[in-house]
Asks: 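A single structure is presented below for examination.
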2 protein chains.
Amino acid sequence: MVPNKHDPSRLERICQAKGVKMTGQRRLIARVLSDSEDHPDVEQVYRRAFAIDSEISMATVYRTVRLFETAGVIERRDFGDGRARYEAARGDHHHHLIDLDNGKVIEFRNAELEGLIEAVALELGYRLEGIRLELYGMSAPRSAEEAHTRTKQLQARLAQAVRDRRPR
Amino acid sequence: MVPNKHDPSRLERICQAKGVKMTGQRRLIARVLSDSEDHPDVEQVYRRAFAIDSEISMATVYRTVRLFETAGVIERRDFGDGRARYEAARGDHHHHLIDLDNGKVIEFRNAELEGLIEAVALELGYRLEGIRLELYGMSAPRSAEEAHTRTKQLQARLAQAVRDRRPR
DNA sequence: CTGTAAATGCAAATCATTCGCAGTTGCAGG
DNA sequence: CCTGCAACTGCGAATGATTTGCATTTACAG
């Protein structure tokens, strides 16, 4: 029932346009990344691809993801947990806010902020080539009660973190 | 000539105040980090410590640096080159601008910027707990000529980077 | 001075990622 | 539709940073 000439995923089309040679597994990875709305690490990409077609290896995922990145088709992210995350490259620069409660990643953009950052770089005598901005925050509580609960949770979390370090 | 009761380094004093148990190698590492004005990685810390007293192992440096970090005495940095850097924790938050020409790290601070960032977080419904901001830039050329040279260098650099990926 | 918990050194183990190599495949040119 | 070869893939072994197990040493309270 699956059409032989499957319609290419968004990223596959972009690869095509950029002249990146496509193969079965590259198409698959392109599709997985096109369909992902989050920031999967390589293993997640591998698992999602494997679920569709088990004819793929980690090595190829690593190679392909690297290829796509240097081709500018996807972007690498590093949220400080020791493994690379990827997301489809969109035209805009956006930044990330990581929710310390649940690890969720919220994307945002702000022209004023960007302008100011560029100005700061210029002031230091530099032409800005890249920004890496991540915010870490707790979703603001609506009530004092909620705030209290949250504070206790945070304390517990921090104590735990101190105990077994090396966040996963 | 070295006094037996050596005067404690700044970080050693802070550890003391925080109740971190000190030993010979911890004192040594505290001194090395106190004296470092840059952002050494673990191997550099090890080398600098080893140069003073070879009675120290990498494992201990790793463990101590981890200990100091969780105690809030030093801060871990990650400039995206795959190894952790450390610097003594100062009271202020500051950010880093990495010079793409020579890898030098410039520190800066900007209240306006920080305020704006906090506002952005708030706007998203979050209380800001941490910021990670790194700028990557090329030192701005003073002349058109210099600009041209620089552009060519950049192109060569980029081409090279594309070729052998994995920045060191 | 002594006992014990904590710290250290060493080497082996982990973890994410890359690489070597032999076998497979995509596809330009016939 | 065939051919040939460069490019691609899978596998497992190699890397590089960091952590850990364990036997030994050390700090220091009693």
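When reading the values below, keep in mind they use all heavy atoms of this one structure, side chains included, and skip hydrogens, waters and symmetry mates.
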Asks: Side chain of A:Thr23, heavy atoms from C-beta onward: which of D:dA17, C:dT18, D:dC8 has the nearest atom to it?
Replies: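 Nearest to the side chain of A:Thr23 among the choices is D:dC8.
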Asks: Can you figure out which of C:dA16, C:dC21, D:dG21 approaches the side chain of A:Arg63 most closely?
Replies: C:dC21
Asks: Just wondering, do A:Arg48 and A:Ser36 contact through their side chains at under 4.5 Å, heavy atoms?
Replies: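 Touching, per the 4.5 Å side-chain cut-off.
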Asks: Given D:dT18, C:dC19, C:dG26, identify the nucleotide with an atom nearest to the side chain of A:Ala59.
Replies: C:dC19
Asks: Does any N or O donor sit under 3.5 Å from an N or O acceptor when you compare the side chain of A:Arg26 with the base of C:dG26?
Replies: no
Asks: Just wondering, more than 12 heavy atoms not from B:Glu55 lying within 6.0 Å of its CD?
Replies: no
Asks: Rounded to the nearest angstrom, tell me the gap between atom CD in B:Glu69 and atom C1' in D:dT19.
Replies: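 Interatomic distance, CD of B:Glu69 to C1' of D:dT19: 14 Å.
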Asks: Cluster question for you: counting only ILVMFWY and a side-chain heavy-atom cut-off of under 4.5 Å, with indirect links fine, are A:Ile98 and A:Ile131 together?
Replies: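 No, separate clusters.
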Asks: Look at the rings of A:Phe108 and A:His95 and say which category their plane angle falls in: under 30° parallel, 30 to 60° tilted, over 60° perpendicular.
Replies: tilted
Asks: In whole Å, I'd like the distance from the CZ atom of B:Arg27 to the C1' atom of D:dT26.
Replies: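 Whole-Å distance recorded here is 12 Å.
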Asks: Taking OP1 and OP2 of C:dG9, is either one under 4.0 Å from a side-chain nitrogen or oxygen of B:Gln25?
Replies: yes
Asks: If the cut-off is 4.0 Å, is A:Arg66 near the phosphate of C:dC19, judged by side-chain N/O to OP1 or OP2?
Replies: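 For C:dC19, OP1/OP2 do have a side-chain N/O of A:Arg66 under 4.0 Å.
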Asks: Assess whether atom NE2 of A:His94 is packed by more than 12 heavy atoms of other residues, nucleotides or ligands within 6.0 Å.
Replies: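 Enclosed.
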Asks: How close or far is atom C1' of D:dA29 from atom NZ of B:Lys21, stated in whole angstroms?
Replies: 11 Å
Asks: Report the distance from atom CZ of B:Arg83 to atom P of D:dT19, rounded to the nearest whole Å.
Replies: 15 Å
Asks: Quickly work out the A:Asp81 CG to C:dA16 C1' distance and round it to whole Å.
Replies: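 Between C1' of C:dA16 and CG of A:Asp81: 11 Å.
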Asks: Just to be sure I understand the geometry, which residues of residues 33-57 of chain B put a non-hydrogen atom under 4.0 Å away from DNA chain C?
Replies: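 Under 4.0 Å from DNA chain C: B:Glu55, B:Ile56, B:Ser57.
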Asks: Are side-chain N/O atoms of B:Glu107 and B:His39 paired as donor and acceptor at under 3.5 Å?
Replies: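 Checked: B:Glu107/B:His39 side chains pair up, N/O donor to acceptor below 3.5 Å.
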Asks: Whole-Å distance between D:dC8 P and A:Met58 CE?
Replies: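 After rounding, the reported distance stands at 20 Å.
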Asks: Please check this pair: side chain of A:Arg76 against backbone of A:Ala84, looking for a donor-acceptor N/O pair closer than 3.5 Å.
Replies: no
Asks: Considering only side-chain heavy atoms of A:Tyr62, which listed nucleotide, C:dC19, D:dC8, C:dT18, is closest?
Replies: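 Comparing C:dC19, D:dC8, C:dT18 against the side chain of A:Tyr62, the answer is C:dT18.
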Asks: Here's a test of your reading of the structure: between B:Tyr86 and B:Met22, which maps to the more 5' nucleotide of DNA chain D?
Replies: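 Its nearest nucleotide lies further toward 5', so the answer is B:Tyr86.
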Asks: Between atom CG in B:Leu67 and atom P in C:dA7, what is the gap in whole Å?
Replies: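 It is 8 Å, rounded to the nearest whole Å.
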